[in-house]
Amino acid sequence: MVYLRSTFWMMFFRSGLKLIYRKCFMTKSIPIRNIAIIAHVDHGKTTLVDALLRQTHVQRNIEDLGERIMDSMDLERERGITITAKNASIVYKGIKINIVDTPGHADFGGEVERTLRMVDGVLLIVDAKEGPMPQTRFVLRKALELGLKPIVVINKIDRPDAIISDVENHTFDLFCELNASEEQLDFPIVYASALEGIAKKNIHDTSSDITPLLDTIIHTFPPPAVKQHAPLQILVLALKADFYKGNMGIGKITAGSIEKGMLACLVDREGNMTRTRVKSVMVYEGLKQVERDKVSAGEIVAVAGFDEIGIGETITDPDQPCPLPPPEIDEPTVQMRIGVNTSPFAGREGKYVTSRALMERLYKEVETNVSLRVAPTESANTFMVSGRGELHIAVLIETMRREGFELELAQLEVIFHEENGVKLEPYEFLTIDVPQEYYGAVVEEIGQRKAALLNMYQTPKGEVHLEYQISTRAVIGLKGALMTKTRGTAILYHAFDEYKPLMKDSFRPVSRGSLVSSENGVSTAYALNNAQMRGALFIGPNVDVYCGMIIGENSRNEDLDLSPCKTKKLTNMRASGSDAAVKLTPPREMTLDLAIEYIGPNELVEVTPESIRLRMKELDATARIRARRRTEVA
């Protein structure tokens, strides 16, 4: 009996200690800074986040996680770019710093636009050699429009060809061009080498760590402007699926506080309200999400409990609902028809080959990919997918391909707008860096595409830097053309700039001819040896082909049907294997990006988990000839 009593009082005492601990520590708020890291592609955003995470020791095994810790997707590591925004946090001098690593490519600008609503300041990373680039302009414009205060970090100062003073001047000029306020123009500059893990407030200072940047962050950025005692408000700006908790809405608490088990209300974009109890509240600690019983305003949280939750909706107090305006996302500029695979090889390699599976996957993607649009077409097997650029749609297709889908893609199209009876088309800001010897070839190609030259100068390395405004229609296929003319030495970037009236003498795509297989079978070296004299090949020997499949590019601007399966015949004079050995030129490797650029209006890209093939829309050669004649007569 005495033992039972002592056990009871011991359990009571322990539970009391747990309750006191939770009251004193679990709900205790510490000073917070919410920041986003924005930059052009490959200017060092994710590498800088690595340095911040390592030097603040957010995790015991942080050194074992390798490089670019935040790029967790396979596609991100392969392409070397950030595709989706990700959250982490560090603690420095008793202040918690929530970090959002954003994509640098303008095609994923929807991720940037919504995540910037979570933060109170931005770190603008600029390469010490390249300076501000097209995506720098895009992401900075979005941050300035939201009134966010910036810190400029000039990264890669260890480069031998760094031009730091010029980069400072170009960056300030960019702020002025984007109509920054006086407070935003008074930005501090930090000089860093993210790869070496050092930062300096003055270029001539000596430094051994990243702490000068951390000090600048906590002194420059204010604490979150929130209302501690107002009704709860959380604008959902991201979603995360959890196997046990379901869909979780991620956002910053702008007012009030949230507790596990409390009654909350979800207000969607149409004003419909759903009440439920909060199942879980999680915050970011380092790279992990940690559950908390109560979280106050200013913190970025993930909330579970709502069965149907979407980006742009508000979690608020059920008695005093106060919905927040959803983020404004720029409209798509290009579109593409995506359908199920209908080629003779359909169903050989993929797992999902039906229109129902395709429809469910595309509409599921729209829930989290806010800048993507999906619409049905006149065909039940085809959907119109609209995005912010070629890369935006290509990443979606590559992701679906790896999941086991078989697809066919039509030619990429530009989305036109109409205002006051005037037809408008999207224009992009384009920059090109090219060696001096290929300058003429680049200017000739760009001139044919009706681009307007904005700026030109010579870099310290002797390269020519060109800046253009060019229509999105003219950008399609430009990369492949320049890579061919400059032998792969040109570096080009482009980002959406504005909509302008359609020009009367606008760019017309250059037509090209294709080498098309005239029969089903397996390609042979003998047949391809004859075919390669007609143009560049996309396939090698021993490849399965079908009638209507594109096997190469014709040197003339017309399609040519030929047999890639023909073999040398045995005769009375010689054996079928005699004569000199066949020497084939290595075929041109058609990646998904190049295939999308290559196809014309009467061609398709066949995408499967193992192969990327090009084909004609109409496989039968006789039917294609009849269709062309009808078009000519009309």
Side-chain angles (χ1 to χ4, degrees), residues 26-27 29-36 85-89 96-100 102 110-121 146 148 223-242 245-285 289-329 367-368 370:
M26 300 286 280
T27 63
S29 61
I30 63 174
I32 294 175
R33 302 291 188 272
N34 297 319
I35 66 170
K86 301 174 188 67
N87 297 70
S89 74
K96 182 178 181 180
I97 303 174
N98 285 315
I99 302 171
V100 183
T102 64
E111 293 280 317
V112 179
E113 290 164 354
R114 62 181 174 83
T115 53
L116 287 180
R117 293 281 295 270
M118 290 188 198
V119 301
D120 307 290
L146 292 173
L148 300 177
V226 295
K227 303 173 183 177
Q228 292 285 354
H229 305 291
L232 173 66
Q233 283 181 316
I234 303 174
L235 180 61
V236 178
L237 296 168
L239 297 179
K240 180 182 179 182
D242 187 276
K245 297 181 174 67
N247 279 340
M248 304 181 71
I250 301 175
K252 183 177 73 173
I253 308 176
T254 56
S257 60
I258 188 169
E259 294 185 46
K260 181 179 179 181
M262 71 177 286
L263 189 65
C265 177
L266 180 69
V267 183
D268 63 17
R269 290 174 179 262
E270 287 74 33
N272 302 316
M273 293 187 288
T274 304
R275 299 189 179 198
T276 189
R277 294 208 173 268
V278 176
K279 294 180 180 178
S280 175
V281 181
M282 307 188 79
V283 299
Y284 289 92
E285 289 190 3
Q289 284 185 325
V290 180
E291 194 158 352
R292 290 287 181 261
D293 288 339
K294 182 178 180 181
V295 184
S296 300
E299 180 66 276
I300 295 176
V301 296
V303 181
F306 297 96
D307 296 331
E308 299 291 336
I309 188 169
I311 293 173
E313 299 177 353
T314 303
I315 301 173
T316 184
D317 190 293
D319 299 325
Q320 297 175 286
C322 303
L324 294 168
E328 295 182 4
I329 306 297
E367 294 179 6
T368 54
V370 293

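Owing to the predicted nature of the structure, the values given are computational and were not obtained by experimental measurement.
Counting only heavy atoms from C-beta outward, the side chains of Tyr284 and Val100 never approach each other to under 4.5 Å. At a threshold of 4.5 Å between non-hydrogen side-chain atoms, the residues Ile99 and Ile35 count as touching. Between Leu146 and Arg117, the closest side-chain pair of non-hydrogen atoms falls below 4.5 Å. Put simply, the side chain of Arg292 reaches to within 4.5 Å of the side chain of Glu285, judged on heavy atoms. Residues Asn87 and Met118 have side chains in contact (heavy-atom distance under 4.5 Å, counting atoms from C-beta outward). With contacts defined as side-chain heavy-atom distances shorter than 4.5 Å, the pair Thr254/Leu235 does not qualify. With a 4.5 Å cut-off on side-chain heavy atoms, Glu113 and Val370 do not count as touching. At least one side-chain heavy atom of Leu266 sits less than 4.5 Å from a side-chain heavy atom of Ile309.
Across all non-hydrogen atoms, the minimal contact from Glu313 to Gly310 is OE1-N, 3.0 Å. A pairwise comparison of heavy atoms in Leu148 and Leu116 identifies CD1-O, 3.9 Å as the closest pair. Closest of all the heavy-atom pairs between Pro318 and Cys265 is CA-CB, 3.7 Å. Across every non-hydrogen atom of Ile253 and Ser296, the tightest pair is CD1-O, 3.5 Å. Closest heavy-atom contact between Phe306 and Thr274: CE2-O, 3.8 Å. Gly312 and Arg269 make their closest contact through CA-NH2, 3.8 Å (heavy atoms, listed as atom of the first residue, atom of the second, distance).
Here the side chain of Gln233 pairs a donor or acceptor atom with the backbone of Cys322 at under 3.5 angstrom. Looking only at distances, no side-chain donor or acceptor of Gln320 sits under 3.5 Å from a matching main-chain atom of Asp317.
Pairs engaging residues 296-309 under the salt bridge (charged side-chain N to carboxylate O under 4.0 Å, His left out) rule: Lys96-Glu299 [sequence neighbours left out].
The CG atom of Asn247 sits 7.0 Å away from the CD atom of Glu367 when rounded to the nearest 0.5 Å. Taking CD1 of Ile311 as the reference point, atom CD1 of Ile250 lies at 9.0 Å (rounded to 0.5 Å). Atoms NZ and CD1, on Lys252 and Ile234 in that order, are 11.5 Å from each other to the nearest 0.5 Å. Note that CG of Leu237 and CZ of Arg114 are 7.5 Å apart. Values are rounded to the nearest 0.5 Å. Of the inter-residue distances, the one linking Asp120 atom CG with Asn34 atom CG reads 5.0 Å to the nearest 0.5 angstrom.
Screening Thr314, Thr316, Leu232 for a side chain to side chain contact (heavy atoms under 4.5 Å, CB included) involving Pro321 leaves a single residue, Thr316.
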Please tabulate, for the side chains in residues 256-264, all donor-acceptor contacts under 3.5 angstrom to protein atoms that are two or more places apart in sequence or on a different chain.
from   : atom 1 : to     : atom 2 : distance (Å)
Lys260 : NZ     : Glu291 : OE2    : 3.1

